[in-house]
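Data block below; observations after.
None of these values were measured; they are calculated from a predicted model. All chains are named by letter (A, B, ...) in the order of the sequence lines, taking the proteins before the strands, and each is independently numbered beginning at 1.
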There are 2 protein chains.
Amino acid sequence: MPALSIGDLARRTGVPVETIRYYERMGLLPKPPRTEGNYRAYETGHERRLAFVKRSRDLGFGLDAIRALLDLADGADRPCGEVDALARDQLAEVERKIADLTAMRAELQDMLGHCRADTVADCEIIGRLRGK
Amino acid sequence: MPALSIGDLARRTGVPVETIRYYERMGLLPKPPRTEGNYRAYETGHERRLAFVKRSRDLGFGLDAIRALLDLADGADRPCGEVDALARDQLAEVERKIADLTAMRAELQDMLGHCRADTVADCEIIGRLRGK
DNA sequence: TCTTGACCCTGTAGCGACTACAGGGTGCAG
DNA sequence: CTGCACCCTGTAGTCGCTACAGGGTCAAGA
């Protein structure tokens, strides 16, 4: 299989070109070899690594956590307790955000459900933002 | 009632001093009069406005939307349809985020529930991040 | 009266994770 | 040989703060 250009890699992974370059700068992806014309030339190993990063991002992991996950994934013999801990931290963070957003949703729905006025003067939404 | 210092206002609203100055720079709060020593001197009107901003932020409204809400709140005769639209947009945004986070949570929980291995080589979590 | 310390001021830089240029070089098809 | 799509680097902007640095102000206590 021939080497992939950054654009090819972007199409295959769904990660924008600019973001791939950004991940390289941030040390999440190794610097690939270059062609004669100074274009990045990727192999399937790079594609696998980028796919790993993308799946981790889709689960909401931060770039620091992903760096740690990549390091752990590279050492097959290491205990996976650290992986577990990172995933549990991430789950806790996601649950915290869901709780916050659920409270916001409830309040917004309640506001909207009570809005019967025509003008701002009697508007329930504005009234509540003012603090009743 | 005497004028409030920025620190007093921060304590009364729970909005940090730096954030109050930031809101002023962003045009969400009017520039207050100053004391002889160039300290900001706030009145209860300022406190009400800041409380409005804080409640809006707590519901997840962006600063642009809050500027719009403040403008609308200042004109009592205006129809509240625009307010309604802003609130509905915000509710839609919150619901989108909840949906994303709920999917993340499900996947993280499932990963963690299947992790029985001792080493990274057999770790279900790493395996899934690699793409099965 | 002096000094300590808490508070205030402006201006600027940093955060996370991108995204969007500007200003150029490369490579291939017609 | 001329377009045009793609690639390169480097820098600046996004959002909503947050954290300084380097000063000024003010009131209480010794």
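- For C:dC9, one of the phosphate oxygens OP1 or OP2 lies less than 4.0 angstrom from a side-chain nitrogen or oxygen of B:R40.
- For C:dC18, neither phosphate oxygen OP1 nor OP2 lies less than 4.0 angstrom from any side-chain nitrogen or oxygen of A:T19.
- Residue A:Y23 has no polar side-chain atom (N or O) positioned under 4.0 Å from OP1 or OP2 of C:dA17.
- Contact between the side-chain N/O atoms of A:R57 and the OP1/OP2 oxygens of C:dC18 is found at a separation under 4.0 Å.
- If you check distances only, the side chain of B:Y39 does reach the base of D:dG24 with a donor-acceptor pair under 3.5 Å.
- Residues B:P16 and B:E36 both approach DNA chain D. Their nearest nucleotides, taken by heavy-atom distance, put B:P16 toward the 5′ side.
- Closest non-hydrogen pair, B:D74 versus B:R49, comes out as OD2-NH1, 3.5 Å.
- In this structure, the side chains of A:D8 and A:R11 come closer than 4.5 Å at one or more pairs of heavy atoms.
- The closest donor-acceptor contact from the side chain of B:T44 to the backbone of B:E47 lies at 3.5 Å or more, if one exists at all.
- Taking side-chain N and O atoms only, A:R25 has no distance below 4.0 Å to OP1 or OP2 of C:dG16.
- Position along DNA chain D of the nearest nucleotide to A:N38 versus B:F61 favours A:N38 as the more 5'-ward residue.
- Look at A:T35 and you won't find any side-chain N or O under 4.0 angstrom from OP1 or OP2 of C:dT26.
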